[in-house]
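Worksheet for the structure shown next.
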Amino acid sequence: KVVYLDSDPLYYYVLHDGSIMRSKNFAKSYRERTAAMEDILRLTEQTVTVAVGRAFDEWEDMDEQYAQVRRLMYMRLETGWNALLDADCPPALRARTHGDGNATALKNACLVADRQVARQELNRFFAMFYEEEPNPSTFKSAYFQIVTTLMRIARELACGENITFPATDYEPETINQAQDSLEMVLDQILDFVSEEKRHKRANVSQEAIAIMEAQYGDPMLEPEKIAGQVGVSKNYLSNCLKETHQTTVAAMLDEIRMRKSREMLVRTDLLVKEIVLSCGYVDVNNYIRKFKKQEGVTPLQYRKARKEYAK
């Protein structure tokens, strides 16, 4: 199947397996196209499903063959789809979806699951359409350009397979319909990233706590050292523990040391000083003051009461 287009030198061949090959030579004649397809078959052992140039002059001219190309390229997230859209896409929107435009800001907002900023950036894509009513060709082309941008972001965030995108044959009739459908996609991406972040922070917290449980006796064990062993920054670790356990790294470490010291007071006959040092504390008097503030009694009184209770 051949779609007759303008004379732009970019030419695409959609192969039987859905892959896409691009040629700089525009095959104007049937003989040239046939020769090119034979070469592709010989080199790739794939037959050509559709041959297509860069874009139609008007969206209304798009026939079923071109729609097939659009579906194939749309589903495969190939750069060829972007090239096909470029001819129809408004320059302002094309600048926003390539390079350091809104697409970059939108991706950055998705990375940190900032829903408010992500929505603002998506809305900026539609700003031009609210200011001036677009023609159908420009509107539909821009819509699929934004869909492709979201698909690219989803793929880079490794969540593409978890996102439900609009059907390939869906064509919104109004700006509000287009915006609503893409906001649903954006929400799915943000939900996925938020869940991934929660899962990652929970794992970081668990790993940090395990390190504290194993190394609480090290007086040099500080938040920076724990974060380094986990492989994250001190601030990130602090944020993780605040989110998962509503506490700080230092407070968690002190809680573990105090718990271990209470256990040793009851289970061993070690001197308080020995227990203090074995739990990572360096100041016995400070430990005793802290212990009494928490338990209401001194360490020795605590030991005596617990042992009498055990009897």
Side-chain angles (χ1 to χ4, degrees), residues 52 54-111 113-157 159-194:
V52 62
R54 186 166 185 174
F56 281 94
D57 291 333
E58 296 293 337
W59 190 277
E60 291 79 2
D61 293 335
M62 183 175 66
D63 60 14
E64 179 55 32
Q65 292 175 331
Y66 184 72
Q68 182 180 2
V69 176
R70 185 185 69 184
R71 286 193 294 271
L72 287 169
M73 291 185 173
Y74 173 48
M75 292 301 293
R76 287 189 57 78
L77 294 170
E78 297 289 346
T79 55
W81 172 229
N82 289 334
L84 285 167
L85 284 173
D86 278 350
D88 281 336
C89 185
L93 181 65
R94 185 159 60 246
R96 294 179 185 182
T97 53
H98 291 77
D100 297 327
N102 290 43
T104 300
L106 180 59
K107 176 186 173 183
N108 291 339
C110 290
L111 277 171
D114 191 328
R115 199 172 298 269
Q116 181 178 357
V117 173
R119 281 291 187 95
Q120 290 175 351
E121 293 301 331
L122 182 63
N123 291 340
R124 289 176 62 188
F125 280 117
F126 290 95
M128 70 177 76
F129 298 139
Y130 286 108
E131 295 171 1
E132 181 178 350
E133 188 67 23
N135 62 58
S137 173
T138 298
F139 171 63
K140 292 180 180 179
S141 176
Y143 170 76
F144 286 107
Q145 185 80 0
I146 299 172
V147 170
T148 306
T149 296
L150 287 175
M151 294 179 80
R152 183 165 55 247
I153 290 173
R155 180 177 59 178
E156 292 177 5
L157 296 178
C159 63
E161 295 181 357
N162 302 86
I163 307 302
T164 301
F165 288 92
T168 55
D169 57 354
Y170 173 69
E171 295 183 358
E173 298 297 329
T174 66
I175 297 175
N176 286 335
Q177 286 181 359
Q179 192 162 2
D180 288 344
S181 70
L182 296 184
E183 285 180 351
M184 290 178 62
V185 173
L186 181 62
D187 284 339
Q188 291 180 69
I189 295 174
L190 291 169
D191 289 343
F192 179 88
V193 174
S194 295

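Every value quoted in this text rests on a predicted model; they were computed, and no experiment measured them.
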Quick one: list whatever passes side chain to side chain contact (heavy atoms under 4.5 Å, CB included) with Arg115, sequence neighbours left out.
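Arg115 satisfies side chain to side chain contact (heavy atoms under 4.5 Å, CB included) with Asp187, Leu190, Asp191, Ser194 only.
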
Under 4.5 Å between any side-chain heavy atoms of Gln188 and Asn162, yes or no?
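SC-SC contact between Gln188 and Asn162 ruled out.
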
Decide yes or no for Leu111 and Val193: does some side-chain heavy atom of the first lie under 4.5 Å from some side-chain heavy atom of the second?
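No. Closest side-chain heavy atoms not under 4.5 Å.
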
Tell me the closest heavy-atom pair linking [X] and [Y], and the distance in Å.
X      : Y      : value
Val185 : Thr164 : CG2-O, 3.9 Å
Val117 : Ala109 : CG1-CB, 3.8 Å
Leu106 : Leu122 : CD1-N, 4.3 Å

Start with the C-alpha distance between Met151 and Ile163, add both sets of side-chain angles, then the distance that settles side chain to side chain contact (heavy atoms under 4.5 Å, CB included), and finish with yes or no.
CA-CA 9 Å; Met151 294 179 80; Ile163 307 302; over 6 Å; no

